Amino acid sequence: MELNKTIYETEMQVRPDDIDMFQHVHSAKYIDYVLAARYDQMERCYGNPMQEYIEKGLGWVVNSCTINFKRALKLGDKMLTRTQLESVHNTSVRVNFSIINKATQKTCSDGHFDYTLIDLKSGRAQLIPEWVLERYSLT
């Protein structure tokens with residue numbers, strides 16, 4: 001299987017509740033931005049909506065993430081959250097990301113997330129089904 005490594009993009013805007021006491025986006029909000037972008041991109045770009053997983057008793061959970069903070073986002077900034085599927089393993093995927101300030105085109109943060117596919121009832125890792133692999137491939 002040849003993996004689809006296309007970079008997909010979702011535009012968002014910093015909201016007032018994203019701001020911390022230092023008047024920039026709180027570090028934890030960057031996780032929310034990536035998760036929201038993946039939710040959008042899985043349906044819009046891969047034809048792989050989260051609702052379909054839930055209906056089949058499956059879900060993706062964050063196993064680990066690495067975030068490099070480079071520049072602050074501030075109230076009202078528009079950002080482009082870009083993600084790219086890096087690798088697929090038996091029960092997990094690695095997704096690279098970058099968050100770009102739309103006005104300056106400068107990277108505010110980047111890194112990667114490791115997601116594990118789980119059975120929603122047991123909470124245990126599940127092998128990634130063939131139908132998912134097909135949607136993540138170029139063929």
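Keep in mind that this is a model prediction, so the values were computed, not measured.
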Review point. Looking at side-chain heavy atoms only, is the closest gap between Phe97 and Glu86 below 4.5 Å?
Key: no
Exercise for review: Would you check, one step at a time, whether the test side-chain hydrogen bond (donor to acceptor under 3.5 Å, both in side chains) holds for Asn4 with Tyr46?
Suggested key: CA-CA 9 Å; Asn4 179 352; Tyr46 292 100; 5.4 Å; no
Practice item. Kindly work out whether a path of hydrophobic side-chain contacts (I/L/V/M/F/W/Y, heavy atoms less than 4.5 Å apart) joins Tyr30 to Tyr39. Key: yes
Hey, can you pull the donor-acceptor pairs under 3.5 Å for the side chains in residues 109-120, sequence neighbours left out?
{"from": "Asp110", "atom 1": "OD1", "to": "Asn68", "atom 2": "ND2", "distance (Å)": "3.0"}
{"from": "Asp110", "atom 1": "OD2", "to": "Lys70", "atom 2": "NZ", "distance (Å)": "3.0"}
{"from": "His112", "atom 1": "NE2", "to": "Arg94", "atom 2": "NH2", "distance (Å)": "3.3"}
{"from": "Asp114", "atom 1": "OD1", "to": "Arg94", "atom 2": "NE", "distance (Å)": "2.7"}
{"from": "Asp114", "atom 1": "OD1", "to": "Arg94", "atom 2": "NH2", "distance (Å)": "3.4"}
{"from": "Asp114", "atom 1": "OD2", "to": "Ser64", "atom 2": "OG", "distance (Å)": "2.9"}
{"from": "Asp114", "atom 1": "OD2", "to": "Arg94", "atom 2": "NH2", "distance (Å)": "2.9"}
{"from": "Asp119", "atom 1": "OD1", "to": "Lys121", "atom 2": "N", "distance (Å)": "2.9"}
{"from": "Asp119", "atom 1": "OD1", "to": "Ser122", "atom 2": "N", "distance (Å)": "2.8"}
{"from": "Asp119", "atom 1": "OD1", "to": "Ser122", "atom 2": "OG", "distance (Å)": "3.4"}

Check your understanding: Any side-chain heavy-atom pair from Thr10 and Tyr33 closer than 4.5 angstrom?
Key -> no
Check your understanding: Does a side-chain heavy-atom distance below 4.5 Å link Val93 with Trp60?
Key -> yes
Point to revise | Pairing residues for Glu11 by the side chain to side chain contact (heavy atoms under 4.5 Å, CB included) criterion, not counting sequence neighbours | key: Lys78, Leu80, Lys102
**Study point:** Atom of Thr81, atom of Val34 and distance for their closest heavy-atom approach
**Key:** CG2-CA, 4.2 Å
Exercise for review: Determine, using the 4.5 Å side-chain heavy-atom cutoff (strictly less than), whether Val88 and Val61 are members of one ILVMFWY cluster.
Suggested key: no
Check your understanding: Closest heavy-atom contact between Ala37 and Met12?
Key -> CB-CE, 4.0 Å
Check your understanding: Excluding sequence neighbours, so at least two apart, what forms side chain to side chain donor-acceptor pair (under 3.5 Å) with Gln84?
Key -> none
Point to revise | Lys74 and Asp77 ion-paired at < 4.0 Å | key: no
Review point. Between atom CG of Leu73 and atom CD of Gln13, what is the distance when rounded to the nearest 0.5 Å?
Key: 11.0 Å
Check your understanding: When rounded to the nearest 0.5 angstrom, what distance separates CD in Gln126 from OG1 in Thr91?
Key -> 9.0 Å
Exercise for review: Measure the shortest side-chain to side-chain distance between Val62 and Leu35 over non-hydrogen atoms and say whether it is less than 4.5 angstrom.
Suggested key: yes
Review point. Under 4.5 Å between side-chain heavy atoms, hopping through other hydrophobics if needed: is there a path connecting Phe69 to Val14?
Key: yes
**Study point:** Asn90: partners by side chain to side chain donor-acceptor pair (under 3.5 Å), with sequence neighbours left out
**Key:** none
Review point. Just how far is it from atom OG1 of Thr83 to atom CD of Glu9, taken to the nearest 0.5 Å?
Key: 10.0 Å
Study note, to complete from the structure: Taking every heavy atom of Leu75 against every heavy atom of Arg15, the minimum-distance pair comes out as CD1-C, 3.7 Å
Exercise for review: Measure up the Trp131 and Tyr53 rings against each other and bin them: parallel (under 30°), tilted (30 to 60°), perpendicular (over 60°).
Suggested key: tilted
**Study point:** Partners passing side chain to side chain donor-acceptor pair (under 3.5 Å) against Arg135 (at least two apart in sequence or in another chain)
**Key:** Asn48, Glu52
Revision key, fill the gap. By side chain to side chain contact (heavy atoms under 4.5 Å, CB included), Glu130 pairs with (sequence neighbours left out) Leu133, Glu134
Review point. Tell me, do Arg71 and Asn101 make a side-chain contact under 4.5 Å, heavy atoms counted?
Key: no
Revision key, fill the gap. Tightest non-hydrogen contact, residues Ser98 and Ile100, listed as OG-CD1, 3.9 Å
**Study point:** Exercise: identify the closest heavy-atom pair between Ile31 and Cys65
**Key:** CD1-SG, 4.2 Å
Review point. Should Cys108 and Val25 count as side-chain neighbours, where that means a heavy-atom distance under 4.5 Å?
Key: no
Review point. Which pair of heavy atoms, one from Lys5 and one from Leu85, lies closest together, and at what distance?
Key: CG-O, 3.4 Å
